[in-house]
Amino acid sequence: MRDTVTPTHCPYCALQCGMNLTPAPDGRAVEVSERVDFPVNRGALCGKGRTAPAVLSSSVRLTSPLVRSEGGALVPASWEEALARVAEGLGRTRAEYGADAVGVFGGGGLTNEKAYSLGKFARVVLGTSQIDYNGRFCMSSAAAAGGRAFGLDRGLPFPLEDIPRTGCVILVGSNPAETMPPSLRYFTELRENGGTLIVVDPRRTKTAEQADLHLAPRPGTDLALALGLLHLIVAEGRTDEAYIRERTSGWEETRAAAMAHWPEYVERITGVPVPELREVVRMFCEPEAAMVLTARGPEQQSKGTDTVGAWINLCLATGRAGRPLSGYGCLTGQGNGQGGREHGQKADQLPGYRKLTDPVARAHVAEVWGVDPDSLPGPGRSAYELLDALGTDIRSLLLMGSNPVVSAPRAAHVEERIRSLDFLAVCDVVLSETAVLADVVLPVTQWAEETGTTTNLEGRVLLRRRAITPPEGVRSDLEVMHELAARLGGGRNLEKGFPTDPEEVFEELRRASAGGPADYSGITYRRLAEENGVFWPCPADGPPAAGGTGTGPRSVGGGGHAARGAAELDDPTRAGGTGRLDTADGAPAPGVHPGTPRLFHDRFATEDGRARFAPVSHRAVAEEPDDEYPVLLTTGRVVAQYQSGAQTRRVDELNAAAPGPFVELHPRLAERLGAAEGEPVAVVSRRGRAVAPARITTAIRPDTVFMPFHWAGEGRANTLTNPALDPVSRMPEFKACAVRLEAVEAGRPAPSSP
Ligand SMILES: Nc1nc2c(c(=O)[nH]1)N[C@H]1C(S)=C(S)[C@@H](COP(=O)(O)OP(=O)(O)OC[C@H]3O[C@@H](n4cnc5c(=O)[nH]c(N)nc54)[C@H](O)[C@@H]3O)O[C@H]1N2
Ligand SMILES: Nc1nc2c(c(=O)[nH]1)N[C@H]1C(S)=C(S)[C@@H](COP(=O)(O)OP(=O)(O)OC[C@H]3O[C@@H](n4cnc5c(=O)[nH]c(N)nc54)[C@H](O)[C@@H]3O)O[C@H]1N2
Ligand code: SF4
Ligand SMILES: [Mo]
């Protein structure tokens with residue numbers, strides 16, 4: 001038991017708010033208090049962070065392994081038996097059908113150490129190529145577009161503290177008032193400083209209410225909207241020709257594509273009036289600096305990569321990328337949404353954001369892992385494709401950190417695929433809707449009970465510290481991998497490569513990432529503790545820091561080529577005169593790389609150092625409304641619930657605030673349907689039927705309905721969603737599918753989902 005206050009971070013979203021934890025006398029319960037020294041949230045927390053300790057309680061969590069009995073029930077078992085069963089289940093599939101018949105599914109909530117170990121476990125212990133994770137459902141389109149344009153993907157290429165000092169921010173399909181409440185102050189301060197905020201969202205959200213201008217396009221039309229804006233920028237002569245010439249490539253083709261998208265045509269597609277388009281152009285182009293930030297609205301589309309590319313085009317055409325207080329950024333979602341996509345749990349990836357197909361990367365990582373590069377499998381399937389192959393090509397699955405029965409698109413089908421597996425093992429802290437279907441459930445430790453690093457939406461690597469002793473009966477994900485490696489190694493002592501001490505894993509991750517685009521080699525636990533986080537890339541062999549106050553944050557091209565030495569000290573005045581970031585304990589020692597808060601100021605991370613325009617054109621949503629399914633459904637979040645709800649639906653205070661699913665619809669649609677506030681309505685798509693109470697509001701477009709996706713059962717939004725995939729990122733179209741609404745007789749039990 002410890003009795004001191006432990007400074008750490010929230011278990012939930014990508015803001016990774018700082019908080020202090022104080023254990024109660026029993027050493028188990030823990031109290032959350034303000035931690036003002038962490039600059040991102042300066043003590044502020046949302047309700048989820050404040051109430052996070054409730055999920056540590058034994059009354060809602062798993063404290064014993066569970067195994068499927070002969071009779072079909074999940075019953076408590078010893079760790080020895082449970083681990084033996086998992087090794088046997090996965091091992092048998094591998095022996096009978098080959099290594100690729102074993103799948104692994106990870107999560108963007110896992111720490112860097114866990115994500116790194118899971119990718120290594122799949123490739124070295126299981127020898128399978130079939131690993132992917134829920135981040136594919138999250139920011140993969142922005143990652144693909146960012147990589148294509150800039151040669152490097154880091155959610156935000158600048159710290160949040162730059163936002164209040166820019167001139168204009170366009171927030172596209174992002175609702176931080178509900179999804180990252182403490183971040184709202186950056187936008188409030190922007191407006192207090194005379195800057196403007198534009199919000200693009202089919203709904204007038206709490207965020208849109210704060211905006212100077214709110215555009216409400218039809219879901220799935222952000223690509224056309226961005227093209228229309230670019231058309232006007234060109235027509236009004238507002239492009240930055242010198243910047244285009246010196247720092248970009250591919251402009252002519254992109255310009256031609258944009259010129260084909262007349263504002264009137266764009267108005268017809270998006271429903272956004274031409275005068276509003278003109279107003280956006282004026283607000284975005286007049287100030288000296290401006291930013292575009294996207295989140296899941298434009299990204300979770302079957303054309304998400306092109307859509308984000310079109311918004312990046314706007315930044316490039318106006319010289320608003322890789323310059324102080326300007327740029328494009330994606331607001332990453334999960335606690336380790338950034339780090340989780342860098343260290344190898346993605347189907348095509350090796351640690352350090354390396355490519356699995358790159359022979360140099362394979363050789364480097366294989367050496368760190370002590371294996372033959374030829375033994376590393378190639379790229380596997382993307383998340384939805386992997387889930388869709390369960391029970392056919394993939395016969396057994398190890399799942400860590402996701403609840404796809406609630407969160408995957410076309411969820412009834414995914415659930416049926418999961419049920420058809422020969423063997424399913426789930427590591428979780430609670431008995432989620434997916435864990436209930438498992439043959440073996442392994443109960444694991446959580447944030448406050450274990451140490452590990454996460455990388456927040458700014459690319460800031462953080463240390464989450466252990467504050468309390470875990471309850472008896474649970475083990476960490478790292479211990480699980482260690483034990484399984486021993487059992488599946490076939491006498492090869494593979495467990496040695498899977499240390500249970502997170503710092504030991506991080507030391508190996510540093511070496512594996514060295515020289516890669518996401519280079520962590522200059523980061524240590526000690527630095528993280530002292531400096532309140534370090535921004536990657538941070539090479540171990542970087543140029544010496546100038547040291548002392550006034551040292552500007554570094555600005556590098558980043559990326560595989562640039563990160564290895566192209567770093568130059570940035571001129572602090574160019575970055576708005578901040579000098580160092582306001583970290584708690586000052587600068588790293590001389591000779592130590594200070595990390596890279598701001599990217600691309602000198603060059604982009606592409607081969608030639610230029611950013612690449614994306615020559616994109618408008619396309620329709622995969623499933624346009626028709627006579628049978630005349631309405632568009634979009635989905636998203638509410639402030640008091642998190643993701644599949646596995647954790648937050650176990651917290652009374654949060655359930656009181658957000659007790660269940662609902663269907664948000666416009667009064668005109670409600671009237672046509674005869675629906676009344678709070679009465680159940682059925683939403684039917686080609687995939688299934690969901691029922692939830694109506695929430696009638698003029699804040700949504702009349703041709704669109706909205707459902708949050710946090711609940712299972714008949715109100716499960718993902719029963720309806722369309723798994724149409726983006727061709728590049730393989731992101732499913734969570735944000736637009738065709739549905740019809742049906743009245744449900746009040747008092748009658750609602751029909752269940754097929
Ligand atoms: N409370 C809470 N906070 C969270 C989470 C949570 O589950 N709950 N999850 C975390 C995670 S993993 C993520 S990824 C982030 C997500 O954070 P956000 O992206 O902010 O969340 P969403 O609600 O999915 O989508 C944002 C907005 O997109 C709008 N939208 C829908 N369709 C379209 C469209 O076609 N175009 C445009 N422009 N907008 C559209 C929706 O109306 C919604 O208001 O939140 C993180 N924070
Ligand atoms: N319709 C619709 N669907 C969506 C979205 C949408 O906007 N609309 N958004 C998508 C997005 S952006 C995301 S990120 C996904 C998220 O959806 P999921 O992947 O289902 O995410 P969570 O609900 O966070 O699930 C995490 C699970 O891991 C467990 N867990 C937490 N910490 C740990 C740990 O350290 N170790 C282990 N082993 N388990 C742990 C939790 O208890 C929980 O059961 O949903 C996607 N689905
Ligand atoms: S905003 Fe995100 S990180 Fe901050 S307290 Fe809420 S859930 Fe936690
Ligand atoms: Mo996400």
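Remember, it's 1-based here, ligands and their atoms both numbered in the order they're listed.
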Contact partition for [X] relative to ligand 1, non-hydrogen atoms under 4.0 Å:
X      : answer
Gln301 : side chain
Thr179 : both
Val638 : backbone
Thr205 : side chain

Can you sort out which atoms of ligand 2 are near [X], meaning under 4.0 Å from one of its heavy atoms?
X      : value
Asn134 : 18 (P), 19 (O), 21 (O)
Val429 : 42 (O)
Asn403 : 18 (P), 19 (O), 20 (O), 25 (O)
Val444 : 36 (N), 37 (C), 38 (N)
Lys114 : 34 (C), 35 (O), 36 (N)
Met400 : 38 (N)
Cys138 : 12 (S), 14 (S)

Return the closest protein heavy atom for [atom] as residue, atom name and distance.
atom                    : result
atom 2 (C) of ligand 1  : Gln641 O, 3.3 Å
atom 23 (O) of ligand 2 : Ser644 OG, 2.5 Å
atom 2 (Fe) of ligand 3 : Cys13 SG, 2.3 Å
atom 1 (S) of ligand 3  : Pro182 CD, 3.4 Å
atom 46 (C) of ligand 2 : Ser407 O, 3.6 Å
atom 31 (C) of ligand 2 : Gln647 NE2, 3.6 Å
atom 26 (C) of ligand 2 : Gly401 O, 3.4 Å
atom 5 (S) of ligand 3  : Cys46 N, 3.5 Å

Taking the minimum heavy-atom distance to [atom], which of [options] ranks first?
atom                    : options                        : answer
atom 13 (C) of ligand 2 : Arg61, Arg637, Glu299, Gln446  : Arg637
atom 27 (C) of ligand 2 : Ala646, Ser402, Cys737, Gly333 : Ser402
atom 30 (N) of ligand 2 : Asp428, Thr635, Asn722, Thr648 : Asp428
atom 28 (O) of ligand 1 : Gly47, Gly173, Pro298          : Gly173

Practice task
Could you tell me whether any N, O or S atom belonging to Cys10 is less than 2.8 Å from atom 8 (Fe) of ligand 3?
Solution key: yes
Completion exercise
One finds that the ligand 1 atoms under 4.0 Å from a non-hydrogen atom of Val639 are 1 (N)
Exercise for the section: Any atoms of ligand 1 less than 4.0 Å from a non-hydrogen atom of Asp222? List them with their elements. Expected result: 34 (C), 35 (O), 36 (N), 37 (C), 38 (N)
Practice task
Identify the residue among Arg464, His9, Glu458, Arg460 that makes a side-chain hydrogen bond (donor to acceptor under 3.5 Å, both in side chains) with Gln16.
Solution key: Arg464
Practice task
Can you establish whether the number of heavy atoms outside Glu209 located under 6.0 Å from its atom CD is more than 12?
Solution key: yes
Handout entry: Arg475 atom CZ, neighbour heavy-atom count above 12 within 6.0 Å
Key = yes
Handout entry: Distance-only N or O hit between ligand 2 and Gln334, under 3.5 Å
Key = no
Practice task
Assess Cys17: does it contribute an N, O or S atom lying under 2.8 Å from atom 4 (Fe) of ligand 3?
Solution key: yes
Handout entry: Sub-4.0 Å heavy-atom contact, His710 with ligand 1
Key = yes
Exercise for the section: Determine the sole option in Asp222, Leu225, Val172 for which the side chain to side chain contact (heavy atoms under 4.5 Å, CB included) test with Leu215 is passed. Expected result: Leu225
Practice task
Could you check whether the rings of Tyr12 and Tyr642 sit parallel, tilted or perpendicular, using 30° and 60° as the cut-offs?
Solution key: tilted
